[in-house]
Amino acid sequence: MTTTAPRDEQLWSRCDGCASLLYRKRLRRNLDVCPECGSHARLDAPDRVAQLADPDSFVPLPDRAVRVDPIEFVDELPYPHRLGAARAATGLDEAVLCGTARLGGHPVALAVMDFRFLGGSLGCAVGELITRTAERALADGIPLVLVTASGGARMQEGALSLMQMATVSQALAGMREAGLLTVSVVTDPTYGGVAASFATNTDLVLAESGARLGFAGPRVIRQVTGAKLPEGFQTAEYLLRHGQVDMVVPRHALRGRLAALLAAAGAGRRAPETSPAPRPPVTAPTATMRPDRDPWETVRTARHPGRPTTLDYLETAFDGFVELHGDRLGADCPAVVGGIARLDGRPVMVIGHQKGHTTAELVTRNFGMASPAGHRKALRLMRLAARLRLPVVTLVDTPGADPGVSAEQQGQAAAIAENILALTVLPTPVVAVVTGEGGSGGALALAVADRVLMLEHAVYSVISPEGCAAILWPDSSAAPQAARALRLTGADLCRLGVVDELVPEPRPAAHADPGGAAELLRRAVAANLAPLLTVPPATLVRRRRQRFRRFGAARSAAAGPSPATPAAGRAEVA
């Protein structure tokens, strides 16, 4: 917003976004967001602290910024003169305001950058103050929230300013090793060395609406490359589509969103509460599960367009879902959704495939077939859950991983392999539920779990019946026959030991009563998760490895051969 008088005296401001003339008091009530166009004006550090912290809870760190001039830099003015002018103009010692506070009732360490002070540049004093804030968070065992606004490293301090990128990052590494949440709130603008270090290597990256983030600024990029930049380039919304930030949050919602994330992180660190005794698992089909149902009919039911999706279950079986986006490498796969939610009041990380109901939704979500970016997003969230000590719940519903050319070019096989490996050693409880189709490695990438559940009318298989028929039968018209031979129903998989429990569905199936299906899923997941919460991490990992070790050839031979099928004898060729 453009103003012409000191803020205490001015009555009107002009919006830089839409040029509307705005009454200053009204603008302040709206958190300095234009009520006409939604443009977010820059905030100074004290105002930002006042908006985020609980009233009267902010306590500045006792450390004062040290005056440094390591290389005796002079341009038109000596560097100390520029520092003095910045201090006089802002009332701050340096380009960051640091302290401890409460946010939504949760203790937090807070470091807020101020662009007014030499463009929010990262110098030795700024790096030192942020590092000390992280060290205070580590000592107190509390989360760290960084609010960034910077043009980059401070040129007047030479290579020592560059070193601050590593100094602060090492402090964040200590937080990560201790399992303490770190969050950066990217505000406009955030560039250069700040963007390439602590603004983006925290556990979560939130971007305020309209904020710009990048390593090189648009002007530099145009000068170097001569390229025309895409519409909205480097804005928060553009970055969300390209997997660089977890979410874009308007200013009025920022405090609430941070409070929800801090609540989840805090609950994950508390000792597990005493849980009710789990109900006994169902290891064989019950009378209500129609074991005589034709497998091909089950396949068709699992693919029904009205069947509840992961987002449907997140709306009904879970509470307070906060979706996290992006693989941080360049994409946000819409076929995989994930984030923090609550299950019976307990925070959990939920990750699942997302299909949709209409043709347009299915196309947008790539029919639930994850790209490498989707698997890498899931991997990032799994590892975050482990650091925050949150259980992981996965909802599997995919015909398989994306088989396209671009997926292969981006390392689809390696992405799936990395997920399987990560789940094998993840030191937090994992419960997987096959809710619809469990297709091949794309399904297993989310299903290496302590407990594997399966809805009554779901299927889980090495390949689709059509694919199997096309390879082992004369043509894909033999898909119904292949479905019977593959033993892909829940009843079959319980007998094989691949699945631990069948979850019944309302009659005739989940799509007829989505609410009822969600309640049955909620109960099953909660009951299976409860006994895992008190198991030591090392024991969890050991048992998970033992679970999958039992699927080796020795056990398969002991189980005896399956009934012969027309395809028997040709499997080795496939």
Side-chain angles (χ1 to χ4, degrees), residues 203-205 239-248 307-315 317-318 321-341 348-357 360-386 390-404 406-408 410-423 426 430-449 452 458 460 521 525:
D203 293 318
L204 299 174
V205 180
L239 295 166
L240 181 67
R241 295 195 299 272
H242 289 81
Q244 303 298 303
V245 299
D246 284 286
M247 65 187 80
V248 176
R307 196 166 179 83
T309 67
T310 291
L311 286 177
D312 292 331
Y313 286 123
L314 281 165
E315 228 177 86
F318 299 83
F321 175 58
V322 178
E323 186 172 359
L324 305 175
H325 292 268
D327 66 349
R328 299 277 181 91
L329 294 175
D332 181 40
C333 175
V336 173
V337 297
I340 297 173
V348 294
M349 185 71 77
V350 185
I351 308 165
H353 301 102
Q354 177 63 22
K355 285 182 175 178
H357 299 296
E361 289 173 342
L362 288 165
V363 171
T364 298
R365 299 284 182 175
N366 198 29
F367 298 86
M369 296 187 294
S371 67
H375 292 122
R376 288 169 184 141
K377 172 167 64 173
L379 177 64
R380 187 171 71 82
L381 299 186
M382 293 169 193
R383 289 174 171 166
L384 175 60
L390 299 179
V392 174
V393 177
T394 64
L395 304 179
V396 177
D397 185 14
T398 179
D402 185 348
S406 63
E408 292 298 316
Q410 295 161 20
Q412 182 70 287
I416 293 171
E418 187 64 25
N419 277 29
I420 292 171
L421 183 62
L423 282 169
L426 202 71
V430 183
V431 175
V433 188
V434 182
T435 62
E437 290 185 275
S440 191
L444 186 62
L446 294 187
V448 179
V452 179
Y460 192 9
L521 181 139
V525 172

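This chain uses plain numbering: 1 for the first residue, then up along the sequence.
Between V336 and A378 the shortest heavy-atom distance is CG1-CB, 4.4 Å. The heavy-atom pair separating A385 from V392 by the smallest distance is CB-CG2, 3.6 Å. For G411 against P372, the heavy-atom pair with the smallest separation is C-CG, 4.1 Å. When all heavy atoms of C333 and A370 are compared, the closest pair comes out as SG-CA, 4.0 Å. Closest of all the heavy-atom pairs between Y460 and A447 is OH-CB, 3.6 Å. When all heavy atoms of V434 and A458 are compared, the pair lying nearest together is O-CB, 3.4 Å.
The stretch residues 321-330 participates, sequence neighbours left out, in these salt bridge (Lys or Arg N to Asp or Glu O under 4.0 Å) pairs: D246-R328.
Side-chain contact between L204 and L384 is present, with heavy atoms from C-beta onward closer than 4.5 Å. Side-chain contact check for K377 versus D332: some heavy-atom pair is nearer than 4.5 Å. Side-chain contact between R365 and L311 is present, with heavy atoms from C-beta onward closer than 4.5 Å. Taking the side chain as every heavy atom from C-beta outward, M382 and V430 never approach each other to under 4.5 Å. Using a 4.5 Å heavy-atom threshold, the side chains of Q412 and H375 count as touching. Side chains of V393 and F318 form a contact here, defined as non-hydrogen atoms less than 4.5 Å apart.
Under a 3.5 Å cut-off, the side chain of T310 and the backbone N or O of H353 do form a donor-acceptor pair. Between the T398 side chain and the G368 main chain, a donor and an acceptor come within less than 3.5 Å of each other. With hydrogens and angles ignored, the 3.5 Å screen pairs a side-chain donor or acceptor of T394 with a backbone N or O of L446. The main-chain N or O of E418 is never found under 3.5 Å from a side-chain atom of R376 such that the two would form a donor-acceptor pair.
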- [ ] Could you walk me through whether D397 and K355 pass the side chain to side chain contact (heavy atoms under 4.5 Å, CB included) test, one step at a time?
- [x] CA-CA 8 Å; D397 185 14; K355 285 182 175 178; 3.1 Å; yes
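A distance of 4.5 Å separates CE in M247 from CG in L324, rounded to the nearest 0.5 Å. Rounded to the nearest 0.5 angstrom, L421 CG and I416 CD1 are separated by 13.5 Å. Considering OH of Y313 and CG of L395, their distance stands at 8.0 Å, rounded to 0.5 Å. The CG atom of D402 sits 4.5 Å away from atom CG of N366, with the distance rounded to the nearest 0.5 Å. Of the inter-residue distances, the one linking H242 atom NE2 with H325 atom NE2 reads 14.5 Å to the nearest 0.5 angstrom. From E437, atom CD reaches atom CE of M369 across 10.0 Å, with rounding to the nearest 0.5 Å.
Side-chain contact check for Q354 and T309: at least one donor-acceptor pair (N or O, by modelled atom type) lies under 3.5 Å.
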